[in-house]
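To start, the structure under review is shown below, and the notes come after it.
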Amino acid sequence: MHSVTLPKPPGDKPQELRVTIAIGAAVIVQGGLGLIWAGAATERLAQLERRSVDDAQILERTARLEEQTRFISAALVRIEDKIDRNSGEGE
């Protein structure tokens, strides 16, 4: 017997082509999401770097203020000693 095959209708795509298109679309979507994630990670790192620079400046200012406070305290002790000596002479 002879078998007769009918041609496929033009709108009917083979299953393999659908799978290929689905995989291609998934790869494109994943690539796009990966780029978005990388951009967000880069921005977070930039923010952390800016904060670390700000923190370093704050630490430096704090150290300077502590040093100034130490000098002021020493000056106050000298002033108090001088006042005590002068008040003792007047009696």
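Computed over heavy atoms, backbone and side chain alike; hydrogens, waters and symmetry mates excluded.
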Assess whether side-chain contact (heavy atoms from CB on, under 4.5 Å) is satisfied between Ile58 and Arg61, documenting all intermediate values. CA-CA 5 Å; Ile58 290 171; Arg61 283 191 77 186; 5.8 Å; no
Qualifying residues under side-chain hydrogen bond (donor to acceptor under 3.5 Å, both in side chains), relative to Glu43, sequence neighbours excluded: Arg50
Which residues pass the side-chain hydrogen bond (donor to acceptor under 3.5 Å, both in side chains) test with Glu60, not counting sequence neighbours? Arg64
Just distance, no hydrogens or angles: give the donor-acceptor pairs under 3.5 Å from side chains in residues 20-42, sequence neighbours left out.
residue	atom	partner	partner atom	Å
Thr20	OG1	Glu16	O	2.8
Thr42	OG1	Ala38	O	2.9

What pairs of residues pass the side-chain hydrogen bond (donor to acceptor under 3.5 Å, both in side chains) test when at least one of them lies in residues 70-83, not counting sequence neighbours? Glu67-Arg70
Using a 4.5 Å side-chain heavy-atom cut-off and chaining through intermediate ILVMFWY residues, the residues clustered with Leu76 come out as Ile72
Tracing side-chain contacts under 4.5 Å among Ile, Leu, Val, Met, Phe, Trp and Tyr outward from Leu59 reaches none
